Number of protein chains: 2
Amino acid sequence: MSDGSRIRVLSVDDHPLMREGIAAIVNSRPDMNIVAQAATGAEAVGTYRLHRPDVVLMDLRLPDMSGIDALVRIRAEFADARVIILTTFEGDVEIQRALKAGARGYLLKSSPPDELVQAIRHVHAGKKGIPSHVAAHLAEHMSDEDLTEREVEVLRHVAEGNRNRDIAEKLFISEETVKVHLKHIMDKLGASDRTQAVAIAVRRGIIQL
Amino acid sequence: MSDGSRIRVLSVDDHPLMREGIAAIVNSRPDMNIVAQAATGAEAVGTYRLHRPDVVLMDLRLPDMSGIDALVRIRAEFADARVIILTTFEGDVEIQRALKAGARGYLLKSSPPDELVQAIRHVHAGKKGIPSHVAAHLAEHMSDEDLTEREVEVLRHVAEGNRNRDIAEKLFISEETVKVHLKHIMDKLGASDRTQAVAIAVRRGIIQL
DNA sequence: CCGCCCATACCACGATAGTGGGATAAAAAG
DNA sequence: CTTTTTATCCCACTATCGTGGTATGGGCGG
């Protein structure tokens with residue numbers, strides 16, 4: 001089969017070993033191959049411009065920016081870019097953000113190779129390539145109330161071990177307001193105290209330690 | 001070069017993509033090759049018995065047990081087993097535990113491929129294969145006081161959002177004792193409150209959410 | 001235009017957490 | 001065998017947190 005009919009794939013991941021594994025899988029299929037690789041978000045954007053791949057496999061954790069940011073930048077220039085997020089499980093919030101940002105698929109690095117090539121084929125064909133178990137996991141929290149930006153900001157300070165008073169000073173608001181935010185945070189996350197709120201938020205990918 | 005003179009490597013990782021990448025790297029060198037792979041701890045032990053590889057590349061997170069447990073089991077049967085821990089960064093506590101358990105090397109999955117093959121050669125030659133930056137990171141916390149088992153147990157309950165009183169009941173001790181443990185925990189970790197203690201412990205790999 | 005969400009703020013009260021000191025006993029380390 | 005560590009308990013006191021209710025102003029969607 002000539003290269004012209006193959007699905008041209010760009011792999012973005014800062015782990016060389018993982019890139020190697022992805023390349024081995026993709027190149028072993030007759031209908032697709034890796035045309036370029038990138039290790040950072042900036043590199044990904046530049047490489048996309050240069051090669052215009054059919055499908056991008058994008059890691060979420062990159063040295064210079066989030067994979068979602070890189071995704072947004074690529075789609076700002078090329079609205080028809082087809083990007084599959086490929087990551088170790090981060091929590092459902094990341095998945096939602098990625099899909100909102102225009103990702104066509106979301107795949108875990110722990111997935112079997114066949115699922116990866118299937119997703120590439122699906123996305124290239126114009127479908128959405130989201131495995132059923134991920135979709136199920138997604139549905140579970142879809143209706144959940146999201147934290148507001150301010151609430152996330154407060155929660156980050158809480159995770160740092162700041163007292164309400166300190167957070168108030170840093171955000172130039174009153175301690176009472178911080179308490180209100182924290183109350184809402186705990187209510188939304190179903191946490192009984194600030195500590196559990198942080199734990200849940202980390203698990204869900206809302207904040208990272 | 002004949003197979004007889006090659007370093008025989010066993011790769012243990014539950015991520016097929018990562019296994020593929022490791023295999024590609026190792027098999028691309030003339031002096032080593034992958035003789036077997038395993039996706040679980042139990043599988044790793046069985047496969048070791050069968051193949052007696054020269055070097056084992058062991059992931060820390062496995063479906064059935066910790067990579068450290070698998071390492072311990074292998075070394076219980078084969079005291080001269082040479083195992084390199086290969087993992088995404090988990091926190092320095094894991095590194096220490098792995099080395100104490102007899103790991104000959106500790107490598108991050110984000111390492112460049114050359115570092116991996118170097119580590120394999122070093123360990124096979126009888127040396128310890130620990131990259132300098134990992135060693136440096138290790139030294140930083142070597143002198144740090146470790147939490148006792150009981151303290152870790154208490155901290156886990158704290159991370160779940162339990163109040164001191166609840167923790168006391170669950171552990172069949174008084175609330176005052178819980179407070180004492182928590183005081184020691186915060187002192188050792190340098191945390192100002194229970195929330196930061198949990199955050200630090202998660203970063204250091206002492207507990208996992 | 002009206003209602004809802006968001007961020008802000010204040011007050012009061014009870015609950016929980018954190019500090020400091022002192023104490024006992026068993027186990028581990030030296 | 002002595003010292004140190006670990007785990008346990010109690011008390012008293014202060015600091016901080018979490019809850020409830022109420023309120024104001026801006027922004028956004030219906």
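Please read all numbers here as calculations on a predicted model, not as lab measurements. Here is the naming used below: chain letters follow the sequence lines, and residue numbers restart at 1 for every chain.
- Contact annotation: Thr148(B) side-chain N/O to dA7(D) OP1/OP2 distance is under 4.0 Å.
- A close approach under 4.0 Å does not occur between any side-chain nitrogen or oxygen of His184(A) and OP1 or OP2 of dC6(C).
- Considering only heavy atoms from C-beta on, Asn162(B) comes within 4.5 Å of Lys170(B) through its side chain.
- With rounding to the nearest 0.5 Å, the separation of CZ in Arg82(A) from CG in Leu57(A) is 14.0 Å.
- Rounded to whole Å, atom P of dG18(C) lies 13 Å from atom CG of Leu189(B).
- Put simply, the side chain of Ile7(A) reaches to within 4.5 Å of the side chain of Val9(A), judged on heavy atoms.
- In this structure, the side chains of Ile22(A) and Leu86(A) come closer than 4.5 Å at one or more pairs of heavy atoms.
- The side chain of Glu176(A) lies closest to dC11(C) when the candidates are dT16(C), dT19(C), dC11(C).
- Counting distance only, with no hydrogens placed and no angle test, the side-chain atoms of Lys179(B) and the base atoms of dG18(C) include a donor-acceptor pair under 3.5 Å.
- In this structure, the CG atom of Leu182(B) is 15 Å from the P atom of dG20(C), given to the nearest Å.
- When distances run from any side-chain atom of Ser174(A) to the nucleotides dT8(C), dC6(C), dC10(C), the shortest one goes to dC10(C).
- If you find the closest nucleotide of DNA chain D to Thr195(A) and to Glu175(B), the one lying nearer the 5' end belongs to Glu175(B).
- Asn164(B) has no side-chain polar atom (N or O) that falls below the 4.0 Å cut-off from OP1 or OP2 of dT16(C).
- Distance from the side chain of Lys183(B) is smallest to dT19(C) among dG18(D), dT8(D), dT19(C).
- Per the geometry, NZ belonging to Lys188(A) stands 10 Å off P belonging to dC5(C), to the nearest Å.
- The interatomic distance linking Arg150(A) (CZ) with dT8(C) (C1') rounds to 9 Å, in whole Å.
- Protein atom CG of Asp187(A) is 12 Å distant from nucleotide atom P of dG18(D), rounded to whole Å.
- For Asp193(A), counting side-chain heavy atoms from C-beta on, the closest listed nucleotide (dT8(D), dG18(D), dT8(C)) is dG18(D).
- Rounded to a whole Å, the CD1 atom of Ile173(B) is 6 Å from the P atom of dC9(D).
- Contact annotation: Arg163(B) side-chain N/O to dA17(C) OP1/OP2 distance is not under 4.0 Å.
- Within 3.5 Å, no donor on the side chain of Glu151(A) pairs with an acceptor on the base of dC6(C), nor the reverse.
- Rounded to a whole Å, the CG atom of Leu171(B) is 10 Å from the P atom of dC9(D).
- Comparing dT6(D), dG18(D), dA17(C) by their nearest atom to the side chain of Arg194(A) picks out dG18(D).
- Note: Thr47(B) OG1 to Ile74(B) CD1 = 8.5 Å, rounded to the nearest 0.5 Å.
- Between the P atom of dT8(C) and the CD1 atom of Ile185(A) lies a distance of 12 Å, rounded to the nearest Å.
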